[in-house]
There are 2 protein chains.
Amino acid sequence: MVQYTTACLDASFAALSDATRRGVLEQLGRADASITDLAEKFHMTLTGMKKHVGVLERAGLVITEKVGRVRTCKLGLRALEEEAGWIDRYRQLWDARFDELDKVVEELKRKEKVDGRNKS
Amino acid sequence: MVQYTTACLDASFAALSDATRRGVLEQLGRADASITDLAEKFHMTLTGMKKHVGVLERAGLVITEKVGRVRTCKLGLRALEEEAGWIDRYRQLWDARFDELDKVVEELKRKEKVDGRNKS
DNA sequence: TAGATACTGAACCACATGGTTCAGTATACG
DNA sequence: CGTATACTGAACCATGTGGTTCAGTATCTA
């Protein structure tokens, strides 16, 4: 069963479709951070950053924990395995497809030659 | 310069965030198809499917050509190289980050042992 | 030339996104 | 206790998404 949980892919690809969120992931790869840290780094209000973190969290890419007044964000337990898997699978398909088209082109060229010969 | 064109990543990750569009890509990996073909396959109106194809086309993942009344869709020239690249880079970061955290945990365990020894 | 086919564009709908402000609440510090 | 800090939630805004219908236009085919 190579059935990916499509809802999961939906959420994580959507999460990755924003430069700020990709930046947050890279940032958290270097060090855990509070909402305030991230908001400053990306020149955004706390509320705005909290929404981005929410999206990442819902996609399972980030986990957060509140201790005292501070909510600390860190990378989640998934390292985009399924996403990388889907893309790899697609790239194989893509390669195969273009190989196939190459063959078709070859075939056409071969036929053209024959046609040319017939005409002359 | 490892500066990815963020707008491009934005568009293609967004394009991948919908199951129908991922399905269309897989389908086009098997054979070129008209808008009608795709609309039928995914149980959708022509207009609806055309929008999806538009999103894929704007992301550079699909190219289309109209001959007579039929618009034929085929895979674009990009095989998600940049997207795969970003994800790979992230996965490396993720691995490094978790290795680092492991070390911290080790360190804490070591200290705990010492504390225990001091208490007893 | 008439009718079927294939697409296209505008308009609409409900809902999500990316951002803001403003008014809270909860916690830390002096 | 009082004040500053850190977050939270509601409400708003403009824009985009995923889908529809309806009314075209353009192209085939008989």
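Convention: sequence-line order gives letters A, B, ...; per-chain numbering from 1.
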Problem set entry | Integer-rounded Å distance: D:dT17 P and B:Leu16 CG | 14 Å
Problem set entry | Presence of B:His52 side-chain N/O under 4.0 Å of D:dG19 phosphate oxygens OP1/OP2 | yes
Problem set entry | Among B:Lys74, B:Glu57, B:Lys50, the one residue meeting side-chain hydrogen bond (donor to acceptor under 3.5 Å, both in side chains) with B:Thr64 | B:Glu57
For this session: Starting from P on C:dG18, measure out to CG on A:Leu46 and report it in whole angstrom.
Result: 18 Å
Exercise. Per the atom types in the model, does the base of C:dG9 pair as donor or acceptor with the side chain of B:Thr47 at under 3.5 Å?
Worked result: yes
Problem set entry | Donor-acceptor side-chain pairing of A:Glu81 and A:Trp86 below 3.5 angstrom | no
Exercise. Is there a donor-acceptor contact under 3.5 Å from the side chain of A:Arg21 to the main chain of A:Ala15?
Worked result: yes
For this session: Report the distance from atom NZ of A:Lys66 to atom P of C:dT25, rounded to the nearest whole Å.
Result: 13 Å
Problem set entry | Nearest-Å distance for atom pair CD/P, residues B:Glu40 and C:dT5 | 11 Å
Problem set entry | Joint cluster assignment, B:Leu28 & B:Val67, ILVMFWY side-chain distance < 4.5 Å | no
For this session: Give the rounded distance in Å between these two atoms: CG of A:Asp18 and P of C:dT17.
Result: 11 Å
For this session: State whether A:Lys50 places a side-chain N or O below 4.0 Å from either non-bridging phosphate oxygen (OP1 or OP2) of D:dG9.
Result: yes
Exercise. Can you tell me if the side-chain N/O atoms of A:Arg71 get under 4.0 Å from OP1 or OP2 in D:dT8?
Worked result: yes
For this session: Report yes if a side-chain nitrogen or oxygen of A:Lys51 is closer than 4.0 Å to either non-bridging phosphate oxygen (OP1 or OP2) of C:dG18; otherwise report no.
Result: no
Exercise. Looking just at side-chain N and O atoms, do A:Glu65 and A:Thr72 make a donor-acceptor pair shorter than 3.5 Å?
Worked result: no
Problem set entry | Short side-chain N/O contact from B:Arg21 to OP1 or OP2 of D:dG18, under 4.0 Å | yes
For this session: Tell me what B:Ile35 touches on the nucleic acid: a base, only sugar-phosphate, or nothing, going by heavy atoms under 4.0 Å.
Result: sugar-phosphate
Exercise. Could one point to a donor on the side chain of B:Thr45 or the base of D:dG19 with an acceptor on the other under 3.5 Å away?
Worked result: no
Problem set entry | Given DNA chain C, 5'-ward residue of the pair A:Thr20 and A:Val67, judged by closest heavy atom | A:Thr20
Exercise. Nearest-Å distance, CZ (B:Arg69) to P (D:dT27)?
Worked result: 10 Å
For this session: Could you check how far CZ of B:Arg58 sits from P of D:dG16, rounded to whole Å?
Result: 10 Å
For this session: Please state how far atom NE2 in B:His43 lies from atom C1' in D:dG18, giving the value in whole angstrom units.
Result: 17 Å
Exercise. With a non-hydrogen cut-off below 4.0 angstrom, is B:Gly68 in contact with a base, only sugar-phosphate, or nothing?
Worked result: sugar-phosphate
